[in-house]
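Convention: sequence-line order gives letters A, B, ...; per-chain numbering from 1.
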Protein chains: 2
Amino acid sequence: MTGWEDIRAEVLRRIRARDWPPGGMIPTEEDLAVEFGVARATVNRALRDLATSGVLERRRKAGTRVAALPVRKATLDIPVIRLEIEARGQSHSFQVLKQSFMEPPVPIASRLGLGPGFKLLYLETLHLADGKPFAHEVRWLNSEILPRPLPDFHALSANEWLVAHVAYVSGDIAFSAEGASPREAAVLGVAPGAALFVTERMTWTAESPITFVRLAHGPGYRVQTLV
Amino acid sequence: MTGWEDIRAEVLRRIRARDWPPGGMIPTEEDLAVEFGVARATVNRALRDLATSGVLERRRKAGTRVAALPVRKATLDIPVIRLEIEARGQSHSFQVLKQSFMEPPVPIASRLGLGPGFKLLYLETLHLADGKPFAHEVRWLNSEILPRPLPDFHALSANEWLVAHVAYVSGDIAFSAEGASPREAAVLGVAPGAALFVTERMTWTAESPITFVRLAHGPGYRVQTLV
DNA sequence: GCGGTTATTATGTGCAGACATAATAGCACT
DNA sequence: AGTGCTATTATGTCTGCACATAATAACCGC
């Protein structure tokens, strides 16, 4: 009956009821274990979970306190774009607009840690939801990690091919808002300068960069999450 | 020497090295426990952690498999705006531009689940970083949950006052890109229609809405996270 | 007082064993 | 074949105990 989730819920209730006010200390794991009649490990699991979600702050010896200014940790699911569109009940398709092998612009090369003269595979793709423009994708790919002959990115999106075939190690994601460039405006069918939701991703293996992607989403795009 | 984090690292290495390919099954916890010479609970901790970050998919009896299309779970820290600015080494200040008591527009009222005629406290605030406009905040507050007399939101921002005094239960956050309204453009000092990064939050107690906030961030604002 | 060493303490993590639970696979019966 | 029960199995979680670790508190010599 009293699992660690029940304990977590009860602790959360006391915090929200201000039994344990923000910034205040709460009892030790051992005290709570006695009170709830469970093992300390069970209390630990509950409190650890609340700590990772930003509700509690824990330090050895110092004890556990309720976060004064809780840093809300929102967990965003970032699915493959095809699944994102299909989850809305729409059908996904895409067109490869451009494909070439060339030197990237300096800012991108430097962010990927590449010296001058290093050429990358450039791919420009338009993603469609129910046939209507959904997002504009610009991608730079390290061709050294690709097999020969090059895979056919017209058949399977570069994203999904990479997920299936290339071991990644690390990466980062950034979100921002940017005005549509003339090119983006034309491709997405919006006015130049229109506000686009942009996500940029970089991924790496242990040694070398894999890819840089910039996805520009048309108006109305929202990323949402519960807290 | 072999803690659960080492096991997690080794499992991740094998996944990324394609020893265990996407979509494939991995050995049972018990087998791995024997192989690594640790208790099953330790393996469980490692695999559970990888499952919550989207790398593994686990089901009872069915076993554990490597996610075929890993849904990257990016965890965003959403701090109080003051801390966000101070973390950049800038100083935070704010101005309350408007404060009144009135009926919210229909879309906001309906999203908060309020009937017609229900009045809310309206607060419009400009947040500054080193004295320069940083974000424009529009907030609707359920005045029924506020003490009388009303707290002075000129001294302490509404956000921080709420965090310190009101028990919340649930909420959601959404991110989008929107063109600057004339009002926003004037206040933030940007051109009308300029792309703004907008975050909208709603929070609730168990019974009633607490607040709706819309934060419009000026150009250059980015939300970033490692994966 | 002051600075540095030592003891104490709360959390972090480990182990072995146990039972719970969900989902599959196999079997029996129609 | 199809259906429904049962056995099996991998993960989920709990207990009780142990030791590790980090940070505070107490102490001591000067």
Side-chain angles (χ1 to χ4, degrees), chain A residues 1-15 19-71 73 75, chain B residues 1-15 19-71 73 75:
Chain A
M1 285 297 147
T2 38
W4 69 271
E5 290 185 283
D6 299 292
I7 301 208
R8 180 184 59 184
E10 171 60 15
V11 170
L12 202 48
R13 191 195 63 73
R14 292 186 187 181
I15 292 170
D19 293 346
W20 295 333
M25 302 292 298
I26 75 171
T28 70
E29 292 187 347
E30 205 149 319
D31 291 348
L32 290 175
V34 170
E35 181 192 339
F36 292 126
V38 299
R40 186 170 76 89
T42 307
V43 174
N44 180 282
R45 177 93 188 259
L47 299 188
R48 184 156 34 85
D49 191 77
L50 288 171
T52 60
S53 61
V55 174
L56 294 177
E57 289 169 2
R58 327 193 67 198
R59 272 164 52 224
R60 279 178 179 158
K61 156 74 181 177
T64 303
R65 62 174 64 244
V66 180
L69 289 177
V71 175
K73 303 207 175 173
T75 303
Chain B
M1 282 301 149
T2 39
W4 69 272
E5 291 186 280
D6 299 291
I7 303 218
R8 179 184 61 185
E10 172 59 15
V11 170
L12 201 50
R13 192 194 64 72
R14 293 185 187 181
I15 292 171
D19 294 345
W20 296 334
M25 304 290 300
I26 76 172
T28 68
E29 291 186 347
E30 205 147 320
D31 291 348
L32 289 175
V34 171
E35 181 194 337
F36 292 125
V38 300
R40 188 171 75 90
T42 308
V43 174
N44 179 281
R45 176 94 187 257
L47 298 187
R48 183 157 33 87
D49 191 77
L50 287 171
T52 59
S53 62
V55 174
L56 294 176
E57 289 169 0
R58 327 192 68 198
R59 269 163 53 224
R60 278 178 179 158
K61 156 76 183 175
T64 303
R65 63 173 64 244
V66 181
L69 290 178
V71 175
K73 306 208 173 170
T75 304

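- Between the P atom of C/dG12 and the CG atom of B/D6 lies a distance of 18 Å, rounded to the nearest Å.
- Evaluation of the side-chain contact (heavy atoms from CB on, under 4.5 Å) rule for A/P27 yields A/W20, A/D31, A/L32 as partners, not counting sequence neighbours.
- With sequence neighbours excluded, the residues forming a side-chain hydrogen bond (donor to acceptor under 3.5 Å, both in side chains) with B/E35 are B/R14, listed by chain and number.
- Remark: P of D/dT24 and CE of A/M25 are 11 Å apart, rounded to the nearest angstrom.
- Contacts of A/T64 classified as side-chain hydrogen bond (donor to acceptor under 3.5 Å, both in side chains), with partners at least two apart in sequence or in another chain: A/R58.
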Show the distances under 3.5 angstrom between N or O atoms of the protein and N or O atoms of nucleotides 3-6 of chain D.
none

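- Qualifying side-chain contact (heavy atoms from CB on, under 4.5 Å) partners for A/R60, counting only residues two or more places apart in sequence or in other chains: none.
- Distance CZ (A/R65) to C1' (D/dA23): 13 Å, rounded to an integer number of Å.
- Not counting sequence neighbours, the partners of B/E30 by the side-chain contact (heavy atoms from CB on, under 4.5 Å) test are B/T28, B/R40.
- Residues satisfying the side-chain hydrogen bond (donor to acceptor under 3.5 Å, both in side chains) criterion with B/N44, sequence neighbours excluded, are B/E29, B/R48.
- A straight line from CD of A/E57 to P of D/dA23 spans 14 Å, rounded to a whole angstrom.
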Which protein N or O atoms sit under 3.5 Å from an N or O of nucleotides 11-15 of chain D?
{"from": "D/dT11", "atom 1": "OP1", "to": "B/T64", "atom 2": "OG1", "distance (Å)": "3.0"}
{"from": "D/dT11", "atom 1": "OP2", "to": "B/E29", "atom 2": "N", "distance (Å)": "2.9"}
{"from": "D/dT11", "atom 1": "O2", "to": "B/R60", "atom 2": "NE", "distance (Å)": "3.4"}
{"from": "D/dG12", "atom 1": "OP2", "to": "B/R58", "atom 2": "NH1", "distance (Å)": "2.5"}
{"from": "D/dG12", "atom 1": "O4'", "to": "B/R60", "atom 2": "NE", "distance (Å)": "3.1"}
{"from": "D/dG12", "atom 1": "O4'", "to": "B/R60", "atom 2": "NH2", "distance (Å)": "2.7"}
{"from": "D/dG12", "atom 1": "O6", "to": "B/R40", "atom 2": "NH2", "distance (Å)": "2.7"}
{"from": "D/dT13", "atom 1": "OP2", "to": "A/R45", "atom 2": "NH2", "distance (Å)": "3.3"}
{"from": "D/dT13", "atom 1": "O4", "to": "B/R40", "atom 2": "NH2", "distance (Å)": "3.1"}
{"from": "D/dC14", "atom 1": "OP1", "to": "A/W4", "atom 2": "N", "distance (Å)": "2.3"}
{"from": "D/dT15", "atom 1": "OP2", "to": "A/A39", "atom 2": "N", "distance (Å)": "2.8"}
{"from": "D/dT15", "atom 1": "OP2", "to": "A/T42", "atom 2": "OG1", "distance (Å)": "2.4"}

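- Considering only residues two or more places apart in sequence or on other chains, A/R65 meets the side-chain contact (heavy atoms from CB on, under 4.5 Å) condition with A/M25, A/E57.
- Side-chain contact between B/I26 and B/I15: absent, with no pair of heavy atoms (C-beta onward) separated by less than 4.5 Å.
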